[in-house]
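Structure, as structure tokens:
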Amino acid sequence: QVQLVESGGGLVQAGGSLRLSCADSGLTFVSYAMGWFRKPTGKEREFVAAISWSGGRSNYADSVKGRFTISRNNAKNTVYLQMDSMKPEDTAVYYCSKGSGYYGGSYYQQYDYWGQGTQVTVSS
């Protein structure tokens, strides 16, 4: 059974950095894409980044491209989201998700398991 647990959220000033981690207790982590989504208060859930099963392919939302980096360590069953040059508009609950295939897309329907979320707040 897949269980995703996020960590690393918190409060940071604009221009600062945070690194989110998501550990998967399942045995098939290496076989699937992983993604990060976020949900700002009062807004819809939105795609942030995704990484393929091998880590060889990644894609990002335009709003975070060049500032955020997704990576994974299959030996540790963990996916990361490095967030640099953060902005107040990055404030949201961030969710780790497991893809249903090898390659991750930007639609939440392409993911079948979700973590509980971790709050990220960027102050101006």
Side-chain angles (χ1 to χ4, degrees):
Q1 183 175 352
V2 175
Q3 184 174 4
L4 303 175
V5 179
E6 301 101 336
S7 61
L11 174 65
V12 64
Q13 288 188 332
S17 299
L18 278 178
R19 188 194 196 201
L20 304 183
S21 299
C22 172
D24 175 7
S25 61
L27 299 177
T28 59
F29 177 82
V30 69
S31 301
Y32 297 98
M34 297 294 293
W36 287 95
F37 286 73
R38 67 187 182 187
K39 188 180 185 305
T41 301
K43 297 183 179 181
E44 296 293 318
R45 175 173 39 185
E46 61 185 32
F47 170 75
V48 176
I51 189 166
S52 64
W53 68 279
S54 67
R57 183 184 299 182
S58 58
N59 51 306
Y60 298 89
D62 288 343
S63 58
V64 306
K65 201 171 293 183
R67 300 188 298 119
F68 290 11
T69 303
I70 189 171
S71 61
R72 67 190 295 163
N73 184 330
N74 287 345
K76 295 184 177 181
N77 282 14
T78 302
V79 62
Y80 305 96
L81 184 68
Q82 177 67 41
M83 303 184 291
D84 299 318
S85 302
M86 297 188 72
K87 305 175 181 180
E89 50 264 44
D90 294 322
T91 296
V93 177
Y94 282 70
Y95 296 92
C96 170
S97 55
K98 172 191 161 297
S100 55
Y102 291 147
Y103 301 102
S106 59
Y107 299 100
Y108 72 89
Q109 296 92 334
Q110 296 172 295
Y111 299 83
D112 50 15
Y113 287 91
W114 297 82
Q116 292 298 310
T118 184
Q119 177 69 46
V120 171
T121 303
V122 185
S123 62
S124 57

Could you give me the CA-CA distance, side-chain angles and deciding distance for Lys76 and Ser21, then say whether side chain to side chain contact (heavy atoms under 4.5 Å, CB included) is met? CA-CA 11 Å; Lys76 295 184 177 181; Ser21 299; over 6 Å; no
Measure from NZ or CZ of Arg45 to the centre of the six-membered ring of Tyr95 and say whether it is under 6.0 Å with the direction within 45° of the ring axis. no
Answer yes or no: is there a donor N or O on one side and an acceptor on the other, between the side chain of Tyr60 and the main chain of Ile70, under 3.5 Å? yes
With a 4.5 Å cut-off on side-chain heavy-atom distances among I, L, V, M, F, W and Y, is there a chain of contacts connecting Ile51 to Tyr111? no
Set out, in order, the CA-CA distance, both residues' side-chain angles and the distance that settles side chain to side chain contact (heavy atoms under 4.5 Å, CB included) for Asp112 and Lys98, then state yes or no. CA-CA 6 Å; Asp112 50 15; Lys98 172 191 161 297; 3.2 Å; yes
Once the angle between the rings of Trp53 and Tyr102 is folded into 0 to 90°, is it parallel (under 30°), tilted (30 to 60°) or perpendicular (over 60°)? tilted
Hey, is CD on Gln13 packed in by over 12 heavy atoms from elsewhere, all under 6.0 Å? no
Residues Lys65, Asp62: salt bridge by 4.0 Å N-O rule: yes
Suppose we call two aromatic rings close when their centres sit under 6.0 Å apart. Are Phe68 and Trp36 close by that rule? no
Regarding Asn74 and Arg72, is there a side-chain donor-to-acceptor distance under 3.5 Å anywhere? yes
Same apolar cluster: Val79 and Trp114, side chain cutoff 4.5 Å: no
Does Phe47 share a hydrophobic cluster with Leu20, counting links as ILVMFWY side-chain heavy atoms below 4.5 Å and allowing steps through other members? no
Between Ala14 and Ser124, the two heavy atoms sitting closest are CB-CA, 4.3 Å
So does Asp24 get a backbone contact from the side chain of Asn77, meaning a donor-acceptor N/O pair under 3.5 Å? yes
Answer yes if Tyr80 and Val120 sit in the same cluster of Ile, Leu, Val, Met, Phe, Trp and Tyr residues linked by side chain heavy atoms under 4.5 Å apart, and no otherwise. no
Other residues, nucleotides, ligands: >12 heavy atoms within 6.0 Å of Gln119 CD: yes
Donor-acceptor contact below 3.5 Å, side chain Ser100 vs main chain Gln110: yes
Out of curiosity, does Met34 fall in the hydrophobic cluster containing Val93 (side-chain heavy atoms, cut-off under 4.5 Å, transitive links)? no
Would the distance check show the side chain of Thr91 and the main-chain N or O of Val122 forming a donor-acceptor pair, the cut-off being under 3.5 Å? yes
For Ser97 and Gly35, indicate whether the former's side chain and the latter's backbone hold a donor-acceptor pair under 3.5 Å. yes
Do the side chain of Glu6 and the main chain of Cys96 share a donor and acceptor less than 3.5 angstrom apart? yes
Under the side chain to side chain contact (heavy atoms under 4.5 Å, CB included) criterion, do Met83 and Val64 qualify, and how do the steps go? CA-CA 8 Å; Met83 303 184 291; Val64 306; over 6 Å; no
